[in-house]
Amino acid sequence: MAKAIHSMIRVLDEARSVDFYMRAFGLEVATRLPFDGFTLIYLRNPEADFEVELTVNHGRTEPYALGDGYGHIAFVVDDLDAEHARFIEEGLSPNPIKEFFHDGVLLAKFFFVADPDGYKIEVLQKHGRYR
């Protein structure tokens, strides 16, 4: 049986990205692996085994083109309203909370936020299939 273990994104500024993911989602550096030309930083929290892998290409100064193929990564929380308020307090500029219905039934309550490199992140209320 396959198990998802991480999602990798390329970032320009390691400290800025680590700070964002720590303040936003409580992710901390689990492993930092410097190589010639790039560094891999694996972020996680005690809630899950899944990690966010940040790749910093040394010497890169231009922002990455995110293109139209990247969608988003998602995190689930117990209290979406409280998290949204906390994101505002942290200065993380979350989008407004939205509700998404399917056949008249609430499927998801969520908001989006962008990380320092512009990657979209969905934050969902724990509900139904999102647990």
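We number each residue from 1, following the sequence as shown.
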*Asks:* In the hydrophobic cluster built from side-chain contacts under 4.5 Å, what are the other members alongside Leu40?
*Replies:*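 Leu33, Phe35, Phe38, Tyr42, listed by chain and number.
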
*Asks:* Is there side-chain contact between Tyr21 and Val29, with heavy atoms separated by less than 4.5 Å?
*Replies:* no

*Asks:* The test is salt bridge (charged side-chain N to carboxylate O under 4.0 Å, His left out); show your working for Asp81 and Lys109 and say whether it passes.
*Replies:* CA-CA 10 Å; Asp81 294 314; Lys109 183 176 176 183; 3.2 Å; yes

*Asks:* Ring centroid separation for Tyr119 and His72, is it under 6.0 angstrom?
*Replies:* no

*Asks:* Taking 4.0 angstrom as the limit, do Lys120 and Asp115 come out as a salt bridge?
*Replies:* no

*Asks:* Could you check if a side-chain atom of Ser93 sits within less than 4.5 angstrom of a side-chain atom of Phe87, using non-hydrogen atoms only?
*Replies:*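 Result no, sub-4.5 Å side-chain heavy-atom pair not found.
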
*Asks:* Any side chain to side chain donor-acceptor pair (under 3.5 Å) involving residues 24-36? Give me the pairs, sequence neighbours left out, ordered by first then second residue.
*Replies:*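 The answer is Glu14-Arg32.
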
*Asks:* Inspect the surroundings of NE2 in His102 and state if more than 12 heavy atoms from other residues, nucleotides or ligands are less than 6.0 Å away.
*Replies:* no

*Asks:* One thing to verify: whether Glu83 and Arg86 come together as a salt bridge, which I'm taking to mean a side-chain N less than 4.0 angstrom from a carboxylate O.
*Replies:* yes

*Asks:* For the residue pair Phe75 and Leu27, establish whether any side-chain heavy-atom pair is separated by less than 4.5 Å.
*Replies:* yes

*Asks:* Under 6.0 Å from the CZ atom of Phe101, do we count more than 12 heavy atoms belonging to anything else shown?
*Replies:*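 Atom CZ in Phe101 is crowded, with more than 12 foreign heavy atoms closer than 6.0 Å.
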
*Asks:* Between Arg16 and Asp117, what is the shortest heavy-atom contact and its length?
*Replies:*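 Heavy-atom minimum between the residues: NH2-OD1, 3.5 Å.
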
*Asks:* Which heavy atom of Pro96 sits nearest a heavy atom of His84, and at what distance?
*Replies:*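 Looking at all heavy atoms of both residues, the closest pair is CA-NE2, 4.0 Å.
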
*Asks:* Under 6.0 Å from the six-membered ring centre of Phe25 and within 45° of its axis: does the NZ or CZ of Arg23 meet both?
*Replies:*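 Output no; distance or angle outside limits.
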
*Asks:* Is there a side-chain contact (heavy atoms from CB on, under 4.5 Å) between Arg60 and Glu62 once you walk through the steps?
*Replies:* CA-CA 6 Å; Arg60 174 80 183 219; Glu62 296 297 316; 4.2 Å; yes

*Asks:* Would you name the heavy atoms of Asn45 and Gly26 that are closest together and state the gap between them?
*Replies:*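 Closest pair (atom of Asn45, atom of Gly26, distance): CB-O, 3.3 Å.
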
*Asks:* Indicate the atoms forming the closest heavy-atom contact of Leu54 with Ser17, along with that distance.
*Replies:*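 Smallest heavy-atom distance, with atoms named: CD1-CB, 3.8 Å.
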
*Asks:* Looking only at side-chain N and O atoms, does Tyr64 offer a donor or acceptor that is under 3.5 Å from a partner on Asn57?
*Replies:*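 Tyr64 and Asn57 do have a side-chain donor-acceptor pair below 3.5 Å.
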
*Asks:* Do Asp49 and Lys3 meet the salt-bridge criterion of a basic N to acidic O distance under 4.0 Å?
*Replies:* yes

*Asks:* With sequence neighbours left out, what residues match Glu47 under side chain to side chain donor-acceptor pair (under 3.5 Å)?
*Replies:* none

*Asks:* Measure across Phe111 and Asn95 and return the closest heavy-atom pair with its distance rounded to 0.1 Å.
*Replies:* CB-O, 3.4 Å

*Asks:* Determine, using the 4.5 Å side-chain heavy-atom cutoff (strictly less than), whether Phe112 and Phe20 are members of one ILVMFWY cluster.
*Replies:* no

*Asks:* Would Thr55 and Ile9 count as a side-chain contact (heavy atoms from CB on, under 4.5 Å) if you check the C-alpha gap in whole Å, the side-chain angles of each, and the deciding distance to 0.1 Å?
*Replies:* CA-CA 6 Å; Thr55 297; Ile9 56 175; over 6 Å; no

